[in-house]
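Down below is the structure, laid out as structure tokens.
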Amino acid sequence: VLLRVPSGVRSIAGRLPPQAKLALSSHPYPSASALLDDCAACAADSVIAESGGPAWDAAGFARLVDAARSSLAITTAEVVDVVARVLAEAHEVRTRLGRAGGPAAALDDMRAQFSALVYPGFIAETGLRRLPDLVRYLKAIIRRLDKMAESAARDAERMAVVHRVTDAYQQTLRELGEPARSGHDAAAIRWMIEELRVSLFAQTLGTPEPVSEKRIRAALDRLAA
């Protein structure tokens, strides 16, 4: 069962303040409609998850309809608001990377990180629970750019840590079968690596819980077991 509110999400977007509207205008989607549809999909996914998951019978469908009536509009407004903040930060990152100087390897790494965070379809794929974290991850890229000017060598050392755990993560995924490869535990480690970047390059932004190369490797061992 999929819940969609395309007309509702357009109305919500239309009531945003000018700065938020401007942020929404800078996006990687093929059109504004595609962006708003993905916001609606993200909101629907959140409502479905909060209501006990997809409906497989009439009673389950009725439960989802009731949930949609009571919370879908509110959840959609929340998604649109968060996405506006993400896209505002993404615009700043894109601008800074476009004019940044420094080691090519570091800049390529940041561009790859950015492309893995903000892309067509990222809203529903990231999900409402994780979307606010993207603002922090994007801010961390800007902090990294600022610090890189002070010490390119230190940046390279920290980047090497990220690359080690990323390579280990990708190797573990290759060795896993489905559905483990695309399961919750595998996705959680992907976000742990983003948190590691924050910890290494923009520590003052903080992370929800301690994160390190050792902790990520332990999580990979559990995933592979």
Side-chain angles (χ1 to χ4, degrees), residues 23-30 34-35 38 82-127 130-176 181-182 186-208 210-217 219-220 223:
L24 286 174
S25 70
S26 178
H27 59 79
Y29 289 77
L35 166 72
D38 204 30
V82 175
V83 168
R85 291 191 282 121
V86 170
L87 292 177
E89 207 64 49
H91 176 73
E92 179 66 16
V93 171
R94 194 182 299 110
T95 301
R96 290 286 303 273
L97 283 174
R99 63 173 188 245
L107 294 174
D108 287 346
D109 180 63
M110 284 181 267
R111 292 187 182 106
Q113 180 193 6
F114 179 80
S115 296
L117 294 173
V118 181
Y119 53 88
F122 83 92
I123 299 169
E125 288 187 21
T126 302
R130 282 284 182 185
L131 275 174
D133 291 329
L134 265 59
V135 176
R136 189 162 42 85
Y137 301 154
L138 293 166
K139 285 182 182 293
I141 295 176
I142 295 174
R143 297 284 180 90
R144 179 182 177 185
L145 284 168
D146 293 338
K147 288 185 175 182
M148 188 174 66
E150 302 170 6
S151 177
R154 189 179 300 118
D155 182 273
E157 292 171 0
R158 292 167 177 170
M159 182 171 64
V161 175
V162 173
H163 285 185
R164 282 199 302 269
V165 295
T166 300
D167 290 346
Y169 175 60
Q170 295 297 338
Q171 179 63 33
T172 300
L173 289 185
R174 285 192 291 269
E175 294 171 356
L176 285 176
R181 186 183 295 120
S182 55
I189 297 174
R190 178 258 191 274
W191 295 116
M192 285 179 71
I193 296 174
E194 290 297 335
E195 296 294 346
L196 179 65
R197 285 182 175 273
V198 175
S199 178
L200 291 172
F201 297 110
Q203 192 173 28
T204 56
L205 293 177
T207 59
V211 62
S212 65
E213 180 178 5
K214 182 178 179 180
R215 288 174 183 269
I216 292 173
R217 288 188 179 278
L220 288 171
L223 183 65

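Keep in mind that this is a model prediction, so the values were computed, not measured. The figures here come from the full heavy-atom set of this structure, side chains too, leaving out hydrogens, waters and symmetry mates. We number each residue from 1, following the sequence as shown.
- More than 12 heavy atoms of other shown residues, nucleotides or ligands fall within 6.0 angstrom of atom NZ in K147.
- Taken from CG in D38 to OH in Y29, the straight-line distance is 3.5 Å, to the nearest 0.5 Å.
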Start with the C-alpha gap between I123 and L35, add the side-chain angles, then the distance that decides, and say whether side chain to side chain contact (heavy atoms under 4.5 Å, CB included) holds.
CA-CA 8 Å; I123 299 169; L35 166 72; 3.4 Å; yes
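- Summarising the geometry of A90 relative to V118, their closest heavy-atom pair is CB-CG2, 4.2 Å, with the distance given to 0.1 Å.
- Within a 6.0 Å sphere centred on CD of Q203, other residues, nucleotides and ligands contribute 12 heavy atoms or fewer.
- Taking P103 as the reference, A106, M148, A152 meet the side chain to side chain contact (heavy atoms under 4.5 Å, CB included) condition, with sequence neighbours excluded.
- With rounding to the nearest 0.5 Å, the separation of CG in L220 from CD in E213 is 10.0 Å.
- To the nearest 0.5 Å, the span separating CG on L97 from CD on E92 amounts to 10.0 Å.
- Residues that satisfy the side chain to side chain contact (heavy atoms under 4.5 Å, CB included) test with R190, not counting sequence neighbours, are A116, L117, Y169, E194.
- Looking at residues two or more places apart in sequence or on another chain, you find a salt bridge (Lys or Arg N to Asp or Glu O under 4.0 Å) between R181 and E178.
- Taking the side chain to side chain contact (heavy atoms under 4.5 Å, CB included) definition, one finds that A100 meets it with L107, L145, sequence neighbours left out.
- F114 contributes atom CZ, which lies 13.5 Å from atom CZ of R96 (distance to the nearest 0.5 angstrom).
- Closest approach of A186 to L173, counting heavy atoms only: CB-CD2, 3.9 Å.
- The side-chain heavy atoms of Y137 and R197, taken from C-beta on, include no pair separated by under 4.5 Å.
- Smallest separation of non-hydrogen atoms from L205 and V198: CB-CG1, 4.0 Å.
- Between the side chain of S199 and the backbone N or O of E195, no donor-acceptor pair lies under 3.5 Å.
- The two atoms that bring V93 and L138 nearest to each other are CG2-O, 3.4 Å, heavy atoms only.
- A salt bridge is absent between R85 and E89; no separation between the charged side-chain nitrogens and carboxylate oxygens falls under 4.0 Å.
- For R144, the salt bridge (Lys or Arg N to Asp or Glu O under 4.0 Å) test picks out D109, D155, with sequence neighbours left out.
- Residue A202 comes nearest to R143 through the heavy atom pair CB-CB, 3.6 Å, listed as atom of the first residue, atom of the second, then distance.
- Atom CG of residue D167 and atom OG1 of residue T172 lie 10.5 Å apart, to the nearest 0.5 angstrom.
- H91 is listed as a side-chain neighbour of T95, based on a closest heavy-atom distance under 4.5 Å.
- Remark: T126 pairs with F122, R130, L131, L134, W191 by the side chain to side chain contact (heavy atoms under 4.5 Å, CB included) rule, at least two apart or across chains.
- Checked for salt-bridge contact, D133 and R136 meet the test: a charged N lies under 4.0 Å from a carboxylate O.
- Rounding to the nearest 0.5 Å gives a distance of 11.5 Å between OG1 of T166 and CD1 of I189.
- Residues P132 and V82 meet the side-chain proximity criterion, which asks for heavy atoms closer than 4.5 Å.
- The two residues M159 and A105 have their closest heavy-atom pair at SD-O, 3.8 Å.
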